[in-house]
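Some notes on the structure that comes next.
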Amino acid sequence: MKILIVDDSVHVHRQLQVFLAVDGYSDLVFVSSAAEAFRCLGLEGDGHPPPISVDLILMDIELDDICGIEVTRRIKGEPSFTDVPVVMVTADTSPESLSKAFEAGAVDYINKPIRKIELLARVRSLLRLRQETLTRKAWEADLVKLAAKLEHTNRELQHANETLARIAASDGLTGVANRRYFDKTLAQEWRRAQRRELDIAVLMLDIDHFKRYNDTYGHQAGDACICQVANALTSVARRAGEFVARYGGEEFAIVLPETDLLGATLVAQQALAAIAELGLPHAGQGASGQVTISIGVASRQARQNEHWESLIQAADEALYLAKRQGRNRLEVAEH
Ligand SMILES: Nc1nc2c(ncn2[C@@H]2O[C@H](COP(=O)(O)OP(=O)(O)OP(=O)(O)O)[C@@H](O)[C@H]2O)c(=O)[nH]1
C-alpha cells in the first residue's frame, strides 16, 4: 500500500522512512510542498507524470506554501479521495487547530515530535481499514457485473423460452399452428365466448383427392402442396385471434372468434378462392385438374352447457357433406 508524506522537512522524511520500515512499509512517496502534493495526486498540472494512487496521506500542518489543513480540504473535496485517509502530523495540538483539521476531512493526527509506536499503530489500523474498503468496493463492482450478466442471461432465457413455445405450438411441415395449439386455444376461445355469450366459428378444410395427388406426384410433392395450401389459408385468417391450424395429414382448421355463420361463410369462400388462385395442377383420377379443397363451416353462440367439441363435430359433418356433394365447395352446418 502506498503512503504519501507531505512535509517540508527532509529530516521528517528520513525519520518517517526509518520508522515505517520497521513494519515493512516501503512504498512511500515524499513531497515537500502543497503544490507538489497536488501535482502528484493529479489535482494540478498537465497530468505529466500521471497521478499516483495512494492509500494513506500523512500531512504536515505547517507547510511553507499553503496550510496543511487547506491542502487536506482540497484533497478531500475530490470524490476520488473520499476513501483515502489523511492523518495530520503536527506539533500544534490545540483544540482549535485539531477541530479545523477534522472539519477539513482529516481522520486522525500524530504528535510532533513523532513517536514510532504511535505512528505505526495509526498507520496499521488506517491501512487495514483502507484495505477492507478496497475489498468491499471490489466485491460491489463484481456484484454489479454479476447482476448485469444475470439480467443478460435472463433475457436470453426468456428469448429461448419464447422460441421453444413457438416451436411447441407450430406444425413442423407448414409452420402454421399444430393440433395441440388448436385444441388448447379453441378451448380458451370457447370459454371466453361462453363468458361473453359470443359467436365462435370453426372451418374444417380438407384437400380433395389427396391420396391420388401423392400417387401421381409423389409424397414430397404432396408435402410441398400441403405447405402451399397452408400459406394460402393463412392469408384469409388475418383478424386478431383468427388462426389456421394443421388438424391432421391434409386436413386444416380455421378458428374465427366472434364470427357468425355469415362471416364464417365469407371466410370459407375466400379460402376456396385462395386455393383456386394457387392454380396447383392435380392430374389425379377424379380431380378437377387443379388442387381444390372442401370446407365444413360451423358457427354458434357458445352456450354454458355445451362443449367446444360439438362445434368441431358440426364443422366435420358439414365437411363430410361437402365431400359427398362433389368436393371443391363449402357446406354450412345447420345447427
Ligand atoms: N404428402 C403427404 N401426404 C399426406 C400427409 N398426411 C396425410 N397424407 C396423405 O393424404 C391422403 C389422404 O387421403 P384420404 O383421407 O383417403 O382422402 P383423399 O384422398 O384426400 O380424398 P378425399 O378427402 O375424399 O377428397 C393419404 O394418402 C395420406 O397418406 C403428409 O403430411 N404429406
Side-chain angles (χ1 to χ4, degrees), residues 164-186 201-237 242-256 261 264-299 308-335:
L164 269 182
R166 233 184 352 263
I167 291 169
S170 60
D171 170 55
L173 177 66
T174 61
V176 299
N178 59 20
R179 176 68 182 271
R180 210 158 61 103
Y181 179 86
F182 171 82
D183 287 347
K184 195 180 98 195
T185 311
L186 178 58
V202 165
L203 313 186
M204 298 301 288
L205 315 92
D206 188 277
I207 305 175
D208 296 326
H209 296 302
F210 198 63
K211 182 176 178 326
R212 291 191 193 133
Y213 190 93
N214 275 334
D215 294 344
T216 310
Y217 301 102
H219 201 85
Q220 276 192 333
D223 282 357
C225 174
I226 289 174
C227 287
Q228 280 181 281
V229 168
N231 264 342
L233 296 181
T234 305
S235 71
V236 302
E242 296 181 351
F243 68 94
V244 178
R246 188 167 174 212
Y247 194 74
E250 24 63 272
E251 197 172 357
F252 292 91
I254 298 181
V255 175
L256 305 167
L261 212 47
T265 306
L266 276 173
V267 175
Q269 283 165 347
Q270 287 166 10
L272 287 172
I275 302 304
E277 215 169 289
L278 283 178
L280 295 174
H282 189 339
Q285 197 195 349
S288 65
Q290 276 200 357
V291 169
T292 56
I293 57 169
S294 297
I295 309 176
V297 182
S299 170
W308 55 269
E309 274 173 359
S310 65
L311 184 67
I312 303 281
Q313 200 183 335
D316 239 348
E317 282 166 14
L319 170 61
Y320 181 69
L321 194 62
K323 290 277 182 187
R324 271 207 327 220
Q325 298 288 347
R327 301 180 175 82
N328 189 22
R329 69 191 58 231
L330 67 91
E331 287 294 334
V332 173
E334 295 304 337
H335 54 89

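All ligand and atom numbering here is 1-based and tracks the order in the structure.
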Counting non-hydrogen protein atoms only, what is the nearest one to atom 15 (O) of ligand 1? Give residue, atom name and distance.
E250 OE2, 4.4 Å

State which residues pass salt bridge (Lys or Arg N to Asp or Glu O under 4.0 Å) with D206; sequence neighbours excluded, sorted by chain then number.
K323

Please work out whether any backbone atom (N, CA, C, O) or any side-chain heavy atom from C-beta onward of D206 is under 4.0 Å from ligand 1, and answer side chain, backbone, both or neither.
side chain

Any atoms of ligand 1 less than 4.0 Å from a non-hydrogen atom of R327? List them with their elements.
22 (P), 24 (O), 25 (O)

Does R246 have a non-hydrogen atom less than 4.0 Å from ligand 1?
yes

Decide yes or no for L280 and Q228: does some side-chain heavy atom of the first lie under 4.5 Å from some side-chain heavy atom of the second?
yes

Please find the pair of heavy atoms, one from R246 and one from F252, that lie closest to each other, and give the distance.
CA-CD2, 3.8 Å

Examine the proximity of ligand 1 to I226 and report which part, side chain or backbone, both or neither, has a heavy atom under 4.0 Å away.
side chain

Please check: side-chain N/O of H209 versus main-chain N/O of H282, any donor-acceptor pairing under 3.5 Å?
no

Looking only at protein heavy atoms, what sits closest to atom 6 (N) of ligand 1 is G249 CA, 3.0 Å

Counting C-beta onward and ignoring hydrogens, is there a side-chain heavy-atom pair between V202 and L256 closer than 4.5 Å?
no

Report the nearest protein non-hydrogen atom to atom 28 (C) of ligand 1: residue, atom name, distance rounded to 0.1 Å.
N214 ND2, 4.4 Å

